[in-house]
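A quick write-up on the structure given underneath.
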Amino acid sequence: METTSHTGPDTPAVTLKMFTFEDAQESLSVSIPEVLDAQYGMYVWPCAVVLAQYIWSRRVDVKDKTVLELGAGVSLPGVLASRCGAKVLLSDDANTPECLQNCRRSCEANGLHGVVTLPLTWGEVSPQLIKLPHLDLIVASDVFYEPRDFEDILVTVAFLLRKNPKAQFWVTYQERSADWSIEALLHKWNLACVDVDLETFDADKSELAGSNLPGNHTIQMMIMTLKTDKDT
């Protein structure tokens, strides 16, 4: 289900999309506003729905944890985590305040008032990054989009995992090129990575959460941690 609204002649249309996550025991619906303007790029992409499905499948573990979403954009995974009882921080590039505005818009659409939004630019050790509270989880969807950003993302993730050595980084990405790889960067920044089969959390389907996403796209799910002696 979706509804579209305009706030003025010079403002882009906003479409409110509903995503419903469910299993045999319960269900939960989340409303996400998409900005229908090409220059904003604020849509729910397939990776976000797959990551949200994983969070839903682990909602008992997520409850009462502190979760940071990187590159949050429309914030579906972070909003769902908050609805599941997590303490959530939503972040996006400090140079794109409209993205942070959309994070706040997503929170408002779901009646969430305790979610923190803050500017974090990948690869920069900023005051906001240093002052972050203890984190249990870091999540991100489709941040491995432009190869030039890959190392900046992993620099930020490595910094956060060193500061929070028991934390994990949950990330989904869409396969766009067989030539793209982060293996060397994982080694450089001392990160371990395991793949999670989408079938294990009921995400191996063309439609998820009552939507037509992820469609026919190939999505991968990974969990990254600090490398330990057992990983060498």
Side-chain angles (χ1 to χ4, degrees), residues 1-5 12 14-23 26-36 40-93 96-120 128 132-133 135-143 160 167-174 201-203 207-214 219 221:
M1 183 183 74
E2 63 180 57
T3 58
T4 303
S5 64
V14 175
T15 292
L16 200 63
K17 283 194 174 180
M18 183 79 73
F19 297 86
T20 300
F21 300 87
E22 55 190 344
D23 57 23
E26 57 185 324
S27 66
L28 177 62
S29 294
V30 174
S31 299
I32 297 296
E34 293 187 326
V35 180
L36 304 182
Y40 286 83
M42 294 181 194
Y43 307 97
V44 175
W45 299 103
C47 284
V49 187
V50 173
L51 179 58
Q53 175 70 17
Y54 188 71
I55 291 170
W56 170 250
S57 74
R58 298 284 301 274
R59 60 190 181 278
V60 174
D61 303 316
V62 168
K63 185 179 180 182
D64 298 324
K65 297 297 193 295
T66 301
V67 179
L68 169 68
E69 183 173 3
L70 298 175
V74 292
S75 312
L76 173 59
V79 165
L80 179 67
S82 182
R83 292 288 306 277
C84 290
K87 179 181 179 181
V88 173
L89 303 94
L90 301 174
S91 70
D92 216 310
D93 193 332
T96 55
E98 64 273 12
C99 290
L100 290 171
Q101 179 184 355
N102 214 60
C103 291
R104 291 186 284 270
R105 186 184 287 118
S106 292
C107 291
E108 292 167 2
N110 291 277
L112 301 176
H113 305 292
V115 176
V116 174
T117 59
L118 70 158
L120 286 181
Q128 290 87 352
L132 283 171
L135 299 174
D136 299 295
L137 282 173
I138 306 152
V139 301
S141 64
D142 217 14
V143 291
L160 292 170
Q168 296 182 340
F169 177 42
W170 296 356
V171 60
T172 50
Y173 74 96
Q174 181 176 326
F201 58 100
D202 202 28
E207 297 182 2
L208 275 177
S211 74
N212 60 355
L213 298 170
I219 309 299
M221 167 84 203

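Since this is a predicted model, take the numbers as computed values, not measurements. For reference, positions follow the sequence shown, starting with 1.
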Straight-line distance of Arg105 CZ to Ile32 CD1, nearest 0.5 Å: 11.5 Å

What distance do Cys47 atom SG and Asp142 atom CG have between them, rounded to the nearest 0.5 Å? 4.0 Å

Are Val67 and Asp136 close enough that some pair of their side-chain heavy atoms sits under 4.5 Å apart? no

Could you give the distance from CG (Asp23) to CZ (Phe201), rounded to the nearest 0.5 Å? 14.5 Å

So do the side chains of Val62 and Leu137 get within less than 4.5 Å of each other, counting heavy atoms only? yes

Using a 4.5 Å cut-off on heavy atoms from C-beta on, say whether the side chain of Gln128 contacts that of Pro119. yes

Could you walk me through whether Phe169 and Val139 pass the side-chain contact (heavy atoms from CB on, under 4.5 Å) test, one step at a time? CA-CA 6 Å; Phe169 177 42; Val139 301; 5.8 Å; no

Are Trp56 and Tyr54 close enough that their ring centres sit under 6.0 Å apart? no

So how far is it from Leu160 CG to Leu68 CG, rounded to the nearest 0.5 Å? 6.5 Å

Heavy-atom pair of closest approach, residues Cys103 and Ala72: SG-CB, 3.7 Å

Could you give me the CA-CA distance, side-chain angles and deciding distance for Leu100 and Asp93, then say whether side-chain contact (heavy atoms from CB on, under 4.5 Å) is met? CA-CA 8 Å; Leu100 290 171; Asp93 193 332; over 6 Å; no

Grab the two heavy atoms, one from Arg104 and one from Pro97, that are nearest each other, plus how far apart they are. NH2-O, 4.5 Å

Nearest 0.5 angstrom please: Ser29 OG to Glu22 CD, how far? 8.0 Å

Can a donor-acceptor pair be found, under 3.5 Å and without considering hydrogens, that links the side chain of Asp92 to the backbone of Cys99? no

Evaluation steps, side-chain contact (heavy atoms from CB on, under 4.5 Å), between Leu89 and Glu69: CA-CA 6 Å; Leu89 303 94; Glu69 183 173 3; over 6 Å; no

Over all atoms of both residues, closest heavy-atom pair of Pro33 and Val14: CB-CG1, 3.6 Å

Under 3.5 Å donor-acceptor, Lys63 side chain and Arg59 backbone: no

Would you mind reporting whether Trp170 and Ile138 have side-chain heavy atoms less than 4.5 Å apart? no

Considering only heavy atoms from C-beta outward, does the side chain of Thr117 approach that of Ser91 to under 4.5 Å? no

State, with a plain yes or no, whether a side-chain heavy atom of Val116 is found less than 4.5 Å away from one of Leu90. no

Once you round to the nearest 0.5 Å, how far does OG of Ser141 lie from CG of Leu70? 10.0 Å

side-chain contact (heavy atoms from CB on, under 4.5 Å) evaluation trace for Asn102 with Val35: CA-CA 8 Å; Asn102 214 60; Val35 180; 3.2 Å; yes

Please name the pair of heavy atoms, one in Ala140 and one in Leu51, separated by the smallest distance, quoted to 0.1 Å. O-CD2, 3.4 Å

Taking the side chain as every heavy atom from C-beta outward, state whether Leu208 and Leu213 have any pair of such atoms under 4.5 Å apart. no

Main-chain N/O of Val44 paired to Glu34 side chain as donor or acceptor, under 3.5 Å: yes

Which heavy atom in Leu80 sits nearest to a heavy atom in Ala52, and how many Å separate them? CD2-O, 3.0 Å

Less than 4.5 Å apart, side chain to side chain, heavy atoms only: is that true for Tyr173 and Val143? no

Please check this pair: side chain of Thr66 against backbone of Leu135, looking for a donor-acceptor N/O pair closer than 3.5 Å. no

Candidate list Arg83, Glu26, Gln53, test side chain to side chain contact (heavy atoms under 4.5 Å, CB included), partner Phe21, passing option: Gln53

So which heavy atom on Ala48 is nearest to which on Leu76, and how close? O-CD2, 4.0 Å

Polar side chain donor-acceptor pair, Ser106 to Ser75, under 3.5 angstrom: no

Does NZ in Lys87 sit with more than 12 non-hydrogen atoms of other residues, nucleotides or ligands closer than 6.0 Å? no

